Amino acid sequence: MTAELVPNGLSKFTIKLTKLPEAQECTLGIQLSGAQSQFLLLKAKLQEDDPYDIPLWTRLSSIVTSHPIRNPDADGHYKFYIKTYSENEGALEALVDAGILSVEPVEPVKQGFVEFPLVKVTIPLRQMAKQCGNCEKWELCSDEKRMRGCSGCHDWSKTWYCDEECQKEHWSQGYPAHKKVCGK
């Protein structure tokens with residue numbers, strides 16, 4: 001089971017998690033926020049007949065403050081500590097099988113009764129779904145148009161937008177206003 005590129009450039013893959021009744025088509029989502037980026041498992045497509053359907057399956061990453069990560073690394077790869085228990089049971093193995101992640105050869109970080117393995121994202125940033133910094137809509141595999149990043153932001157904390165209207169609104173009215181935090 002490997003990932004495939006859909007027409008809009010996102011990587012789509014099928015995954016079966018222990019807590020889900022059946023295998024699901026998904027994509028990897030990323031929220032860039034400096035050194036502590038967040039990684040999420042998103043539905044590849046929303047149900048058209050359900051106006052309350054949301055794209056989020058589960059949050060994969062866990063912030064381990066004792067072991068901060070600088071993203072991306074020198075080779076342009078993103079890394080994170082993955083939560084492998086509860087709703088994420090089976091996610092690590094399935095994402096490695098799909099070619100989305102690889103496990104780094106370091107000891108997992110222990111916190112309480114759980115361990116967080118360090119993983120490397122093997123697909124490039126352009127194949128991951130982003131969230132609009134203004135309206136918070138996620139990109140989906142079924143979308144024709146992709147989000148665009150703010151040209152003034154640093155690569156490791158870039159803000160993405162659905163369209164020019166969302167970018168203009170967020171520039172002055174966002175919380176915080178993007179003009180106060182942008183690298184421009």
Side-chain angles (χ1 to χ4, degrees), residues 1-33 36-63 71 78 80 82-102 119 121-151 153 155 157-175 177-178:
M1 159 181 65
T2 58
E4 67 173 281
L5 276 182
V6 297
N8 71 5
L10 290 177
S11 281
K12 179 175 80 172
F13 48 91
T14 302
I15 189 170
K16 171 67 176 97
L17 299 180
T18 308
K19 303 284 182 181
L20 294 177
E22 56 191 39
Q24 302 290 331
E25 285 190 333
C26 299
T27 191
L28 185 66
I30 182 170
Q31 290 175 318
L32 296 176
S33 57
Q36 296 294 335
S37 299
Q38 293 291 301
F39 293 84
L40 306 104
L41 198 57
L42 304 172
K43 297 174 187 175
K45 180 180 172 183
L46 295 178
Q47 295 178 17
E48 293 177 16
D49 60 341
D50 184 355
Y52 300 106
D53 195 12
I54 61 170
L56 178 64
W57 275 121
T58 186
R59 182 174 302 277
L60 295 169
S61 52
S62 182
I63 295 175
N71 272 316
Y78 286 82
F80 66 93
I82 188 168
K83 178 182 158 191
T84 57
Y85 57 91
S86 189
E87 71 274 7
N88 287 358
E89 219 173 295
L92 176 59
E93 298 79 7
L95 291 166
V96 168
D97 286 348
I100 302 298
L101 301 178
S102 64
V119 294
V121 179
T122 58
I123 60 173
L125 179 64
R126 69 181 175 277
Q127 293 178 17
M128 293 182 239
K130 283 71 162 195
Q131 186 180 35
C132 179
N134 187 53
C135 71
E136 299 183 356
K137 176 185 172 198
W138 278 97
E139 288 180 306
L140 298 172
C141 291
S142 55
D143 293 344
E144 289 182 26
K145 194 172 125 186
R146 294 288 306 271
M147 293 194 189
R148 298 184 70 169
C150 171
S151 61
C153 287
D155 286 344
S157 63
K158 189 173 287 286
T159 301
W160 299 84
Y161 297 101
C162 297
D163 53 34
E164 196 174 314
E165 185 179 311
C166 268
Q167 186 173 9
K168 284 180 180 178
E169 185 176 317
H170 194 237
W171 182 255
S172 58
Q173 298 171 21
Y175 182 76
H178 189 63

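Computed from heavy atoms alone, side chains included, the values below leave out hydrogens, waters and symmetry copies. Here the structure is a predicted model, which is why all the values come from computation and not from measurement.
Across all their heavy atoms, Leu17 and Gly90 have their closest contact at CD2-C, 4.0 Å. The shortest non-hydrogen separation linking Gly149 to Lys158 is CA-CD, 3.7 Å. The minimum heavy-atom distance between Leu60 and Ala91, with the atom names listed, is CD2-CB, 4.1 Å. The shortest heavy-atom contact between Met147 and Cys162 is CE-SG, 3.9 Å. Here the closest non-hydrogen pair linking Asp53 and Gln47 is OD2-N, 2.8 Å. Shown here for Pro55 and Leu140, the closest heavy-atom pair between the two residues is CB-CD2, 3.8 Å.
A donor-acceptor pair is defined here as one N or O able to donate and one able to accept, closer than 3.5 Å; no such pair exists between the side chain of Glu4 and the backbone of Lys12. Between the side chain of Ser11 and the main chain of Leu5, no donor-acceptor pair closer than 3.5 Å is present. A distance-only check finds a donor-acceptor pair linking the side chain of Asp50 to the backbone of Tyr52 [under 3.5 Å]. Looking at Lys43, its side chain never comes within 3.5 Å of a backbone N or O of Trp57 through a donor-acceptor pair. Checked by atom type and distance alone, the side chain of Asn88 pairs as donor or acceptor with a backbone atom of Arg59 at under 3.5 Å. Proximity of a side-chain donor or acceptor of Thr122 to a complementary backbone N or O of Gly99 within less than 3.5 Å is detected. Although no hydrogens or angles enter the test, the distance criterion places no donor-acceptor pair under 3.5 Å between the side chain of Lys16 and the main chain of Ala94.
Side chains of Cys141 and Lys45 form no contact here, defined as non-hydrogen atoms less than 4.5 Å apart. Inter-residue side-chain proximity for His178 and Cys153 is flagged as met; some heavy-atom pair is nearer than 4.5 Å. Side chains of Gln127 and Leu28 form no contact here, defined as non-hydrogen atoms less than 4.5 Å apart. At least one side-chain heavy atom of Leu125 sits under 4.5 Å from a side-chain heavy atom of Lys130. By the 4.5 Å heavy-atom criterion applied to side chains, Glu139 and Trp160 are not counted as neighbours. At least one side-chain heavy atom of Leu41 sits under 4.5 Å from a side-chain heavy atom of Phe13.
Here Asn134 contributes atom CG and Gln131 contributes atom CD; the two are 11.0 Å apart, rounded to the nearest 0.5 Å. From Leu46, atom CG reaches atom CG of Asp143 across 8.5 Å, with rounding to the nearest 0.5 Å. If you take CG on Leu92 and OG1 on Thr84, they are separated by 7.0 Å, rounding to the nearest 0.5 Å. In this structure, Lys83 NZ and Ile63 CD1 are separated by 12.5 Å, a value rounded to the nearest 0.5 Å. Between Trp171 atom CH2 and Thr159 atom OG1 the span is 10.0 Å, to the nearest 0.5 Å. From Glu136, atom CD reaches atom SG of Cys166 across 10.5 Å, with rounding to the nearest 0.5 Å.
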After noting the C-alpha distance and the side-chain angles of Trp138 and Gln31, does the key distance pass the side-chain contact (heavy atoms from CB on, under 4.5 Å) rule?
-> CA-CA 10 Å; Trp138 278 97; Gln31 290 175 318; 3.7 Å; yes

Step by step, work out the side-chain contact (heavy atoms from CB on, under 4.5 Å) result for Thr58 and Leu40.
-> CA-CA 6 Å; Thr58 186; Leu40 306 104; over 6 Å; no

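Taking the six-membered ring where the residue is Trp, Phe80 and Phe39 present parallel rings, their angle staying beneath 30° rather than reaching 60°.
Heavy-atom contacts from other residues, nucleotides or ligands closer than 6.0 Å to CZ of Arg146 number more than 12. Surrounding CD of Glu165 are at most 12 heavy atoms belonging to other residues, nucleotides or ligands under 6.0 Å away.
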